[in-house]
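Notes follow once the structure below has been shown.
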Amino acid sequence: MEIILKSRITEGLRILYNSEVSDDLVQIHETRKEFIGDFTLVVFPLLRFSKNTPEKTGETIGRYLMDTFPSVTGFNVIKGFLNLEISPSWWISCFGGMLAGDDLLGKCRSDDPETILIEYSSPNTNKPLHLGHIRNNLLGFSLYRILSACGHRVIKTNIVNDRGIHICKSMLAWQKYGKGETPAKSGIKGDHLVGKYYVLFEREYRKQADVLIADGMDPVEAKNNAPLLKEAREMLVKWEAGDPETMELWNMMNSWVYEGFNETYRKLGVDFDKIYYESDTYKTGRDIIYNALQEGLLHENGDSSIWADLTDEGLDQKLLLRSDGTAVYMTQDIGTAVLRHEEFGFDRCIYVVGNEQNYHFQVLKAILKKMNYTWSEGLYHFSYGMVELPEGRMKSREGVIVDADDLIAEMIETAREVSLELGKLSDFPGNEKGEIYRKIGLAALKYFILKVDPKKNMTFNPAESIDFNGNTGPFIQYTYARIRSVFRKAEEAGITFSRNISLTVGAGAKEIQLIKLLRRFAFTVTEAAKTYSPALIANYCYDLAREYNQFYHDFTILGETDQTVRDLRMGLSEITGKVLSTGMLLLGIEMPERM
RNA sequence: GGUCCUAUAGUUCAAUGGAUAGAACGAAGGUUUCCUAAACCUUAGAUCCAGGUUCGAUUCCUGGUGGGACUACCA
């Protein structure tokens, strides 16, 4: 409609003022609620063509549209805004399309589908996942759903950071203090068990350093000379050399961790098409760097370390291989990127990684460009904000952390408590109830995180549990459950409805309002894909649920005696339910039939 | 020092450069013989500061101030 109006207006301006007006000056948007009308034309930009006051210009254009365009049934001009009223029958017929089974996301399909690789999660194998990872996983997975909905081929990947000194720390601590403890024996989830030894290492290591400092050693030196750290370094050397015993330990403990991670991923409802391991890709990175060095794209320092000079890009020198030939983080990321491009030939590669690594990705892109990989243009760092506690950042080394598994369990438990308190689902068998609590608890968590603009830091206060009322996931689920309930009741009563809504049905303002909002869904999804923002969809779903709840409260649906009106209201309920569940699915949130 | 991000009710979040800045939580009050009250309705409450561009700025630009991150031969 906006497009038609726009072309009509452009045409009108040609006739009325003999002026060719460029497209972007004809600004049309939906009329704000507090004014009468459906669409609004901003007339200010057109004054230079009309050479008249905003009021007169609006009047003239409004009159022209009334006379030439039957769908426009009225207009008013307020302070330079021309509000156009569109005939209800246009809205009804627009809604009729949705009811007839038009693909809700049809308008989102890209004309130019791309292959998009998306990396998210990226855990270290020395400790369990925490709230920061939850935000990462949810954003990554939701972007996957959104971009897929827009017709792209999207590949979900994970890169596991399974090598480095931090892994050796937990291995060493387990070797020293573990007494053969395993997940099976202790009943502790694998990733938590390994995490326990990581924390233990840090504690013992700090004790040793403190002793050295007490003996009069310089603090920096003491931290470097603590026996435990030396042992960990030796272990890393053994690992790099492929020492069988070390490798065996490494494999065993990693397998525990992966089992633990998989459980968390499953609970969270995310998955991957392809998992890369840093222990594989760093070697590729090293080879690539040696090649690039030979081609003269990189340079060697006096101590035989290898560097990229990025001063042309306004960046610094960046180390790529240490003087002893071992790899750094960047080395591995270069390898991974090249491997991925060889394997998938992506158009875009989206890295879902926190904003603390903005510089890293700027450098990564610059280095790949310097190495003449033209596809590096398609790399995009989806930089999201940190999740902070009221006291500040989470610190895993100090145990100031919100554990992912604990939080998920807590949310489900809270869902159960709230439900019991409200006396819901009392006639349900236990296992079905459990499934609903799970959906609700996860929805609360996921929505809480996804409704926030990704690039902003957000605060999580463990003391105040996540809400279940107001602008929340359960609120939207509740709206959906209500709709389902209406249809169950309709079935019981033998009420069916016709999807051929009469164009002359007596639709009220609230019904039209809902139609307008429903119509905006596809636009919102497109916008969310363009701006990489699941938050837009979350907030849209909330608006729609609120609008529907008002409607539901003020009007009867099944009790309506005028059948054409009842058809319309049932139709609105059906589409609202579909849009809500489709929208929430794009966020990775499931909807319960009852709650 | 340099680079990047950010600043909106008491709190947590919204607002393609458009009209009277929206919600939620919290506070105060109200709605249930009727399709699920996890709902609905009232009331009180906010754009960090100073300039600039514009018919119009929460939004764009410049400069301050506050918060965060990065600037490792850690990952």
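Quantities reported herein were computed from a predicted structural model and do not represent experimental measurements. The chains referred to below are lettered A, B, ... by the order of the sequence lines, with proteins before strands, and numbering in each begins at 1.
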message: By the 4.0 Å heavy-atom rule, please label A:Phe487 as base, sugar-phosphate, or nothing.
response: nothing
- request: Kindly point out which of B:C40, B:C35, B:G22 is positioned nearest to the side chain of A:Gln550?
  value: B:C40
query: So which nucleotide does B:A39 pair with, by the Watson-Crick or G-U wobble rule with both distances under 3.5 Å?
result: B:U31
- prompt: Quick one: are the ring centres of A:Phe81 and A:Phe35 less than 6.0 Å apart?
  reply: no
message: Over 60° means perpendicular and under 30° means parallel, so tell me whether A:Phe475 and A:Tyr542 are parallel, tilted or perpendicular.
response: tilted
- request: For A:Glu278, answer base if it contacts any base atom (sugar-phosphate contacts may also be present), sugar-phosphate if it contacts only those atoms, and nothing otherwise; contact means non-hydrogen atoms under 4.0 Å.
  value: sugar-phosphate
Side chain of A:His166 (C-beta onward), nearest among B:U36, B:C25, B:A75: B:A75
- request: For A:Arg32 and B:G22, give me the distance from atom CZ to atom C1', rounded to whole Å.
  value: 9 Å
message: Without decimals, in angstroms, what is the distance between A:Lys318 NZ and B:U71 C1'?
response: 10 Å
message: If you assign each of A:Asn457 and A:Asn539 to its closest nucleotide in RNA chain B, which residue comes earlier from the 5' end?
response: A:Asn539
query: At under 4.0 Å between heavy atoms, what does A:Ile440 touch on the DNA or RNA strands: base, sugar-phosphate, or nothing?
result: base
message: How long is the straight-line distance from OG1 of A:Thr479 back to CE of A:Met584, given to the nearest 0.5 Å?
response: 9.0 Å
query: For the pair made of CG in A:Asn469 and C1' in B:C40, what is the distance, rounded to whole Å?
result: 13 Å
- request: For the side chain of A:Ser485, starting at C-beta, report the closest nucleotide among B:U20, B:U36, B:C70.
  value: B:U36
message: What contact category does A:Phe555 fall into here, base, sugar-phosphate, or nothing, at under 4.0 angstrom with non-hydrogen atoms?
response: base
message: Base, sugar-phosphate or nothing for A:Asp24? Non-hydrogen atoms, less than 4.0 Å.
response: nothing
message: Rounding to an integer number of Å, can you tell me how far A:Asn161 CG sits from B:C74 P?
response: 15 Å
query: Do the rings of A:Phe487 and A:Phe497 sit parallel, tilted or perpendicular, given the 30° and 60° boundaries?
result: tilted
message: I'd like to know if A:Thr40 reaches the base of B:A19 with its side chain, counting only an N/O donor and acceptor under 3.5 Å.
response: yes
message: Taking the minimum atom-to-atom distance to the side chain of A:Arg482, which one of B:A37, B:C13, B:A38 wins?
response: B:A37
- prompt: To the side chain of A:Tyr552, which of B:C25, B:G18, B:A37 is closest?
  reply: B:A37
- prompt: Which is true for A:Arg546 with a 4.0 Å heavy-atom rule: it touches a base, it touches only sugar-phosphate, or it touches nothing?
  reply: sugar-phosphate
field: Under-3.5 Å donor-acceptor pair between A:Asp554 side chain and B:A39 base
entry: no
- request: Mind checking A:Phe35 for me? I need base, sugar-phosphate or nothing, with any heavy atom below 4.0 Å counting as a touch.
  value: base
query: Which of the following nucleotides, B:A75, B:U6, B:A39, is nearest to the side chain of A:Lys456?
result: B:U6
message: What's A:Met458 touching, base or sugar-phosphate or nothing? Going by heavy atoms closer than 4.0 Å.
response: sugar-phosphate
- prompt: Do the side-chain N and O atoms of A:Ser573 and A:Tyr552 include a donor-acceptor pair separated by under 3.5 angstrom?
  reply: no
statement: Pairing partner of B:C48, by Watson-Crick or G-U wobble and under 3.5 Å for both distances, is B:G64
- prompt: Touch check for A:Val42, heavy atoms < 4.0 angstrom, all strands: base, sugar-phosphate only, or nothing?
  reply: base
- request: Could you check how far CZ of A:Phe448 sits from C1' of B:A23, rounded to whole Å?
  value: 15 Å
- request: Please work out if A:Gln332 contacts a base, only the sugar-phosphate, or nothing of the nucleic acid, heavy-atom cut-off 4.0 Å.
  value: nothing
query: Under 6.0 Å from the NZ atom of A:Lys455, do we count more than 12 heavy atoms belonging to anything else shown?
result: no
- line: Of the listed B:A15, B:U36, B:U20, the closest approach to the A:Leu536 side chain comes from B:A15
task: Would you check if there is a donor-acceptor pair between the side chains of A:His360 and A:Asp333 at a distance under 3.5 Å?
output: yes
Atom-pair distance (NZ on A:Lys451; C1' on B:C13), nearest Å: 5 Å
- prompt: Contact class for A:Asp543 vs. all strands (heavy atom < 4.0 Å): base, sugar-phosphate, or nothing?
  reply: nothing
- prompt: Within the structure shown, what part of the strands sits under 4.0 Å from A:Pro54 by heavy-atom distance: base, sugar-phosphate, or nothing?
  reply: nothing
field: A:Thr31 vs A:Val328, nearer the 5' end of RNA chain B by closest nucleotide
entry: A:Thr31
query: Ring-on-base stacking between A:Phe81 and B:A19, under 5.5 Å between centres and under 30° between planes: is it there?
result: yes
- prompt: From the list B:A24, B:C40, B:U36, which nucleotide is the closest neighbour of the side chain of A:Ala481?
  reply: B:U36
- request: Mind checking A:Val418 for me? I need base, sugar-phosphate or nothing, with any heavy atom below 4.0 Å counting as a touch.
  value: base
query: Within this structure, what is the CG-to-P distance between A:Asp453 and B:A15, rounded to whole angstrom?
result: 7 Å
query: Got a donor-acceptor pair under 3.5 Å from the side chain of A:Lys455 to the base of B:U6?
result: no
- line: Of B:A69, B:A75, B:A37, the nucleotide closest to the side chain of A:Arg322 is B:A75
task: Between B:A23, B:C35, B:A14, spot the one nearest the side chain of A:Ile557, thanks.
output: B:C35
message: Within the structure provided, determine whether A:Arg520 and A:Glu30 are in side-chain contact (heavy-atom separation under 4.5 Å).
response: yes
message: With the criterion set at under 5.5 Å between ring centres and under 30 degrees between planes, would B:G18 be stacked on A:Phe44?
response: yes
query: Within the structure shown, what part of the strands sits under 4.0 Å from A:Thr472 by heavy-atom distance: base, sugar-phosphate, or nothing?
result: nothing
query: To the nearest Å, how far apart are A:Ile167 CD1 and B:C74 C1'?
result: 12 Å
